[in-house]
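Remarks on the structure that follows.
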Amino acid sequence: MEKIKVLLADDQELILESLHIVLSMEPDLDIVGLAKNGEEAINGCKQFMPDIVLMDVNMPVMDGVAATALIKEQMPATKIIMLTSYKEVEYVLAALSHGAEGYLLKAIHPRDLAAGIRVVQAGGTLISQEMASKMIKNMNHAAPAKNNEPEFRKYNSLKT
């Protein structure tokens, strides 16, 4: 069985080392690199060609969302899971719009994180239920009020 190559990017040393220790215990995961900011994450991706990047959102030098955009542009096969303490929907939408395949909160149980990595590696998308609920509420509030007339009728009435 081929191991899933994972690069970890987080500016907090404790989080970075903890993730490294916990995920290294998974027999199918191989931690290939550690990065302390978005720029290091990009360089690590070029050097180690990971399958998955666990990317913090808020980091110095270059944040995780900007790094995600550049990684996906240069190495589109690399999958990115945002792992953060931020619960704001804007961060989720920004990360996903730049190509991230997942968005998880750091409060996740290590077993669930490892399982999430496997889901994304298999082609899935990963968003916690809490974040998905917030996104749906946000979209419902942001949706413009619709006219009662169906869209196709408007179009047909224009064709005379």
Side-chain angles (χ1 to χ4, degrees), residues 1-139 142:
M1 174 175 70
E2 200 169 310
K3 288 188 171 196
I4 302 169
K5 295 187 291 182
V6 180
L7 180 115
L8 306 173
D10 198 301
D11 62 321
Q12 296 177 34
E13 194 76 35
L14 179 64
I15 300 288
L16 199 59
E17 287 301 321
S18 298
L19 286 171
H20 188 193
I21 291 165
V22 168
L23 294 175
S24 291
M25 295 188 319
E26 297 292 325
D28 59 336
L29 302 182
D30 182 19
I31 308 306
V32 295
L34 305 176
K36 292 181 182 158
N37 60 57
E39 203 171 85
E40 286 183 13
I42 293 167
N43 292 334
C45 284
K46 290 176 183 172
Q47 183 179 353
F48 302 113
M49 300 303 288
D51 300 305
I52 305 262
V53 178
L54 279 183
M55 179 88 72
D56 187 16
V57 170
N58 191 20
M59 294 185 288
V61 184
M62 180 186 292
D63 70 24
V65 174
T68 294
L70 289 169
I71 290 167
K72 294 305 273 186
E73 191 178 288
Q74 297 171 16
M75 296 157 271
T78 302
K79 295 176 173 133
I80 299 175
I81 300 172
M82 305 306 288
L83 186 64
T84 184
S85 52
Y86 289 100
K87 295 183 181 182
E88 287 78 12
V89 173
E90 295 76 30
Y91 288 112
V92 182
L93 296 174
L96 296 175
S97 72
H98 288 297
E101 284 80 7
Y103 195 102
L104 296 173
L105 297 175
K106 287 180 179 176
I108 192 170
H109 190 281
R111 268 194 319 269
D112 295 333
L113 178 58
I117 290 170
R118 293 179 193 106
V119 165
V120 169
Q121 180 62 18
T125 302
L126 199 61
I127 300 173
S128 70
Q129 191 165 356
E130 178 187 0
M131 292 310 306
S133 295
K134 284 185 178 194
M135 286 173 64
I136 289 167
K137 283 179 188 160
N138 184 278
M139 287 173 11

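Residues: numbered from 1 along the sequence shown.
- Among all heavy-atom pairs drawn from Pro60 and Asp11, the shortest one is CD-CB, 3.4 Å.
- Taking CG of Leu126 as the start and CG of Leu104 as the end, the distance is 4.5 Å to the nearest 0.5 Å.
- Formation of a donor-acceptor pair under 3.5 Å by the Asp51 side chain with backbone atoms of Lys5 is found in this model.
- If you take CG on Leu113 and CD1 on Ile108, they are separated by 5.5 Å, rounding to the nearest 0.5 Å.
- Annotation: side chain of Leu34 is not in contact with side chain of Leu19 (no heavy-atom distance under 4.5 Å).
- One finds the OG atom of Ser24 at 8.0 Å from the CG atom of Leu8 (value rounded to the nearest 0.5 Å).
- Taken from CD1 in Ile80 to CD1 in Ile52, the straight-line distance is 9.5 Å, to the nearest 0.5 Å.
- Minimum interatomic distance between Ile71 and Cys45 (heavy atoms only, all atoms of both residues): CD1-SG, 3.7 Å.
- In summary, of the residues considered (Thr78, Val53, Leu54), a side chain to side chain contact (heavy atoms under 4.5 Å, CB included) with Leu7 occurs for Val53 alone.
- Note that CG of Asn58 and CE of Met82 are 10.0 Å apart. Values are rounded to the nearest 0.5 Å.
- Judged by distance alone, the side chain of Glu101 and the main-chain N or O of Thr125 form no donor-acceptor pair under 3.5 Å.
- Taking CE of Met25 as the start and CG of Leu23 as the end, the distance is 9.0 Å to the nearest 0.5 Å.
- Checking side-chain atoms of Asn37 against main-chain N and O of Glu39 turns up a donor-acceptor pair under 3.5 Å.
- Contact check for Ile4 versus Glu26: no side-chain heavy atoms found under the 4.5 Å cut-off.
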Test side chain to side chain contact (heavy atoms under 4.5 Å, CB included) applied to Met75 and Lys46, step by step: CA-CA 8 Å; Met75 296 157 271; Lys46 290 176 183 172; 3.9 Å; yes
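- For the pairing with Gln12, the side chain to side chain contact (heavy atoms under 4.5 Å, CB included) check across Met59, Lys106, Lys36 returns one residue only, Lys106.
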Could you walk me through whether Val6 and Ile117 satisfy the side chain to side chain contact (heavy atoms under 4.5 Å, CB included) test, starting with their C-alpha distance in whole Å, then the side-chain angles of each, then the deciding distance to 0.1 Å, before giving a yes or no? CA-CA 9 Å; Val6 180; Ile117 290 170; 4.3 Å; yes
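- The heavy-atom pair separating Pro50 from Val32 by the smallest distance is CB-CG2, 4.1 Å.
- Across Ala95 and Tyr103, no two heavy atoms sit closer than the pair CB-CD1, 4.1 Å.
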